[in-house]
Each structure stands twice: as structure tokens, then as C-alpha cells.
Protein chains: 2
Amino acid sequence: MSHTVGVRQAQKQKTRQALLDAGLRLLEEQSLSSLGLREVTRLVGVAPAAFYRHFRDMADLGVALVEEALGSLHVMIRAILAEQNGDEERIEGTVDAVARHVRAYPAHVRFIARERHGGVRPVREAIAAELGRFVDEVAAAFALQLEADGWSAEDIRMLAELYVDHMVMTAAAFLEAAPDRSAVADASASEDPAAADRAASAAEARIAATARSQLRIISLGRQHWRDA
Amino acid sequence: MSHTVGVRQAQKQKTRQALLDAGLRLLEEQSLSSLGLREVTRLVGVAPAAFYRHFRDMADLGVALVEEALGSLHVMIRAILAEQNGDEERIEGTVDAVARHVRAYPAHVRFIARERHGGVRPVREAIAAELGRFVDEVAAAFALQLEADGWSAEDIRMLAELYVDHMVMTAAAFLEAAPDRSAVADASASEDPAAADRAASAAEARIAATARSQLRIISLGRQHWRDA
DNA sequence: TCATTCAGTAAACAGCCGTTCTCTCACTTT
DNA sequence: AAAGTGAGAGAACGGCTGTTTACTGAATGA
């Protein structure tokens, strides 16, 4: 029917996405610097040479994955910042949003946590740049409220960094609480999948409670900042 | 003179340490999951098969590196906790100690930051276990002061986790501010090494100032915790 | 309709990988 | 002094790696 923008480009982007998906899947159990080109193309079912039609090398694919992973995070952040409730509701909303996001995109979150300090420089820099943009967003949202209270721009940014780092930290903690099937088999000697689920969600609840308390600490510190 | 405990075992441990050192050096520019056995033995100047006399595989070497890296950190933590000064002095001491430690053992710190969420499960677990012991130590040190103020054990541990995570975060940030020679060449187009040093130490000072402010936020939050 | 473009194929390349042998020979124990 | 031990050497193995080459054939645009 309607030739969207060319059957050819559509097929190309489809393969490109398949490469990204395969890469992300393989990266759940290894680091980017050990991910092989042939490994990815094999999983997609495509010739190794086809890889070069889409990415220069693995670092290039990694940078593309960073944009994909952190693009979806931007949506989440904006939703949290949009809430104009009180402190306690904002804390609740933040932790819930992080938990939901980790559940929805575990591979993306794992990739970011893993490669943030990983062995591939261009990817590290891409993550740092994108997280920096997050800090800017959070800082801008805080500025409306805090500038009136006499906060300097640097202090607002400092606080925003603390929040963003804490969110990344919390997301990584949630990931370890929701382990993959093999780790579940290790943890519970029994073969009861329901027991594993219960153990995992209990760990998740504990992490959420810790994260909320930590955010409360930071929130209290923010309220009393001017007394210094 | 004195036969320590056998010339043979001494030589073996010497080679073992050489393997660990070579591994740590190579890990500055890649992740553990991509580090090759031959790569390490080649740098040491030893046959590939000799590796197996000391480690089962690369993950085994990684776990050994975790103990080496976090053993030296224990010393640092204890030194900070020993200080019985006021809040501001403790904050200053903490950030200074972290900065000094990153300068003294950059490769160790980089390894921990990189492999904490890296692709090798046994290493991840070893780091998590060791960091957990840190949290215990910090929590025990806080307990003396905070239990009297009516803090629960869980809340003390929550606060200790926040501190430890913030220290790891800060250490990782310092690392990025003190880049290796190649990155310095990228950053400053000139060939003036002094200019690069100045830029690096300026970035370091900025990170230290941010870390101090963040610790102040947390400290203020801790002081007003009971009001909830 | 015909020439062009280009995503993906298939094969071949040199090179590195982890692992397994057998061997040597300096140290250790008796 | 003799027997035993064990760290390391050296070579060989099959298998996997990234990259390049020449190619096919379907979607494209004139």
C-alpha cells in the first residue's frame, strides 16, 4: 500500500534493530568489550560482513545502545518531575518509577550500569554525556523551587547529581534483586519457582524501603541546607 | 640466610603476584570478561600453561584481585572512622582520604568500579560481599552515636549504605578526572603537560567540592532524621 | 524499461584464543 | 645421597575471531 519512505530503508532499519536487540541480549551475561561481532550476527541470522552496513565496530553499536537505553529513561524522569505533590509523594513516585522501569527494561538498565565504568571509552563518554543531560533536567526542575530559597546554581546542580546518582544506584540494586533464571536456581535449592519469586520480590521490597529512606535523608538535608 | 618458608613457595607467590599485577594493568583499558589468559602470561613473560598453576581461570584471578583491591580500602575506612572530630572535619577527612586513595591505587579503584556491575558473576559477588563488610563496619561505627539517638539497626545500615555508595561514586568520579596520558592528549590540543595537569587538578577540586557538599546534605538529613 | 544503488551473501585470510600434553630440572624431603 | 615434588617450558590441537574480497539480486529512480 503506502510506501512509507522506501521498502529498502525499512528493511535496513529492521536488521539494524535486530542487531541492537541481539547485542543487548548477549550483553546481559558479558561486557561490551568481550562481545564479538560474529556472536551478534550469528544470533540475528545474518552474515558477519553485514554488520558493517550498520556499525563501524562494536563500540559504535554500544553508543547506539546508550541512546536507545537512555532515551526511554528520559520519559520516566519527566513523568516524575511533572508531579507537583509533596516531598513524601515525590519520593514514593520516584522509587516506584525506578522499580517499574527496571522491570520493564532490565537489559537496558543492566547495560547502562555495566558500561558506565566499562572498558569501552566511547560508550563511557556517551553514558556520561547522557547522564549529564539528566542532571541538567533535574537541576532545572529543582531550580524553580530552590532558587527562591537562595540556592546557588552550583548547589542546585550538586543536589541534582546526588539524586541522579542515587537513582542509578537504586536501579542497579533492583537488578541484582531480580536475578535471571540461573541465579534463582542457585539461590533456592528447591525447584519451586513460586518460592523464588517470593524471595525476589521480598528483596525488591527491602531495596525500595532503603531507597525511600535514603531519599528522605537527602530531602531532609535539602530542607535544612540554608542553615549553613 | 633465613629460609623464609621455602625458596620454592616464595618464587611461586612472586609469579602469582606478577600475574595479578599484569592483569590489573591490562584491566585499565578493558573489562575482565575480555581479558585473555595469554595476554596476561605474555606480559609477565611466562608460558600460558603456567597460568593454571595459580588460577583456575580468569574469574578466579578476578576474585583474587577483588581481595587485593578492597583489602587496602579497609585500612582507609578504619582511618576515617577513627577520627572523633566534628561533622565538618569528618567530611573533609573522608573526601581527602578518598582522593588520596584514588591517587595511590588508581588501578585498584578502577577495577572495582568497573567490575562491580561487570560481566563476571563470581567477581560481582565477591565485590558485593566485600562492600557489604564495609557497610557493616561503617554501620558499627555509627551505631555508637546513633543508637543513643533512637535509631533502629535497619536505619543505621541504610545510612551506612548511603555513605559507602557515595564513597564509591566519588572515587569513580575522581578517576575520570585524572585521565591517563592518551586522554590528556585528547583533552588539550596543546602539547603542554603542565596545562593538562592544571586542568586535571581543577576537575579534581570541583569533584571534591561537590562530594563535600553532598556529604553535608546527608549529614544534615541525618541530624534531622528523628523529626519524622 | 533500463541502468543504478546497495543490503546482505559466501568464502577465504591470517591471527589469536584456551586447553592439554609431555618434559625438564631446581628445590625439598627422607 | 637418593627419591620425590611441582613450577614452569614448549609444542601442538581445534576452534573462534575481525576483516576483506567479489558476488547476487531486489528495490530504486530516470
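Bear in mind that the values here come from a model prediction, so they are computed numbers and not experimental data. Residue numbering restarts at 1 for every chain, and letters A, B, ... go by the order of the sequence lines.
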(request) Check the distance between C:dG18's P and B:L61's CG and give it to me in whole angstrom. (result) 12 Å
(message) Please check this pair: side chain of B:T41 against backbone of B:L37, looking for a donor-acceptor N/O pair closer than 3.5 Å.
(response) yes
(message) Does this structure show an ion pair linking A:E154 with A:R157, if we count only N-O contacts that are shorter than 4.0 Å?
(response) no
(request) Find the distance B:D57:CG to C:dT20:C1' and express it as a whole number of Å. (result) 16 Å
(request) Could you tell me which residues satisfy side chain to side chain donor-acceptor pair (under 3.5 Å) with B:S31, sequence neighbours excluded, listed by chain and number? (result) A:S33
(request) In whole angstrom, give the distance that lies between atom CD of A:Q11 and atom P of C:dT9. (result) 11 Å
(request) Report yes if at least one side-chain N or O of B:R42 is closer than 4.0 Å to OP1 or OP2 of C:dC17; otherwise report no. (result) yes
(message) Apply side chain to side chain contact (heavy atoms under 4.5 Å, CB included) to residues B:H117 and A:E176 and explain how you reach the verdict.
(response) CA-CA 9 Å; B:H117 305 289; A:E176 283 160 28; 3.6 Å; yes
(request) Take atom NZ of B:K12 and atom C1' of C:dA26, then tell me their distance rounded to the nearest Å. (result) 15 Å
(request) Verify, without hydrogens or angle tests, whether A:R124 (side chain) and A:G118 (backbone) share a donor-acceptor contact under 3.5 angstrom. (result) yes
(request) Rounded to the nearest angstrom, tell me the gap between atom CZ in B:F51 and atom P in C:dT20. (result) 13 Å
(message) Tell me whether A:R42 is salt-bridged to A:E39, with the criterion being a basic N under 4.0 Å from an acidic carboxylate O.
(response) no
(message) Return whichever of B:Y52 or B:Q9 has its heavy-atom-nearest nucleotide of DNA chain C closer to the 5' end.
(response) B:Y52
(message) Between C1' on C:dT19 and CZ on B:R53, what's the gap in Å once rounded to a whole number?
(response) 13 Å
(request) On DNA chain C, check which nucleotide each of A:T15 and B:E39 is closest to and give me the residue with the more 5' one. (result) A:T15
(request) Could you please name the option among C:dA26, C:dT19, C:dA7 that lies closest to any side-chain atom of B:R8? (result) C:dA26
(request) Let me know the distance between NE2 of A:H54 and C1' of C:dT9, rounded to the nearest Å. (result) 13 Å
(request) Tell me, please, the opening and closing nucleotides of DNA chain D, 5' to 3', among those with an atom under 4.0 angstrom from a non-hydrogen atom of chain B. (result) D:dT5 to D:dA12
(message) Taking B:Q30's backbone N and O only, do any of them form a donor-acceptor pair with B:R114's side chain (distance below 3.5 Å, no angle check)?
(response) yes
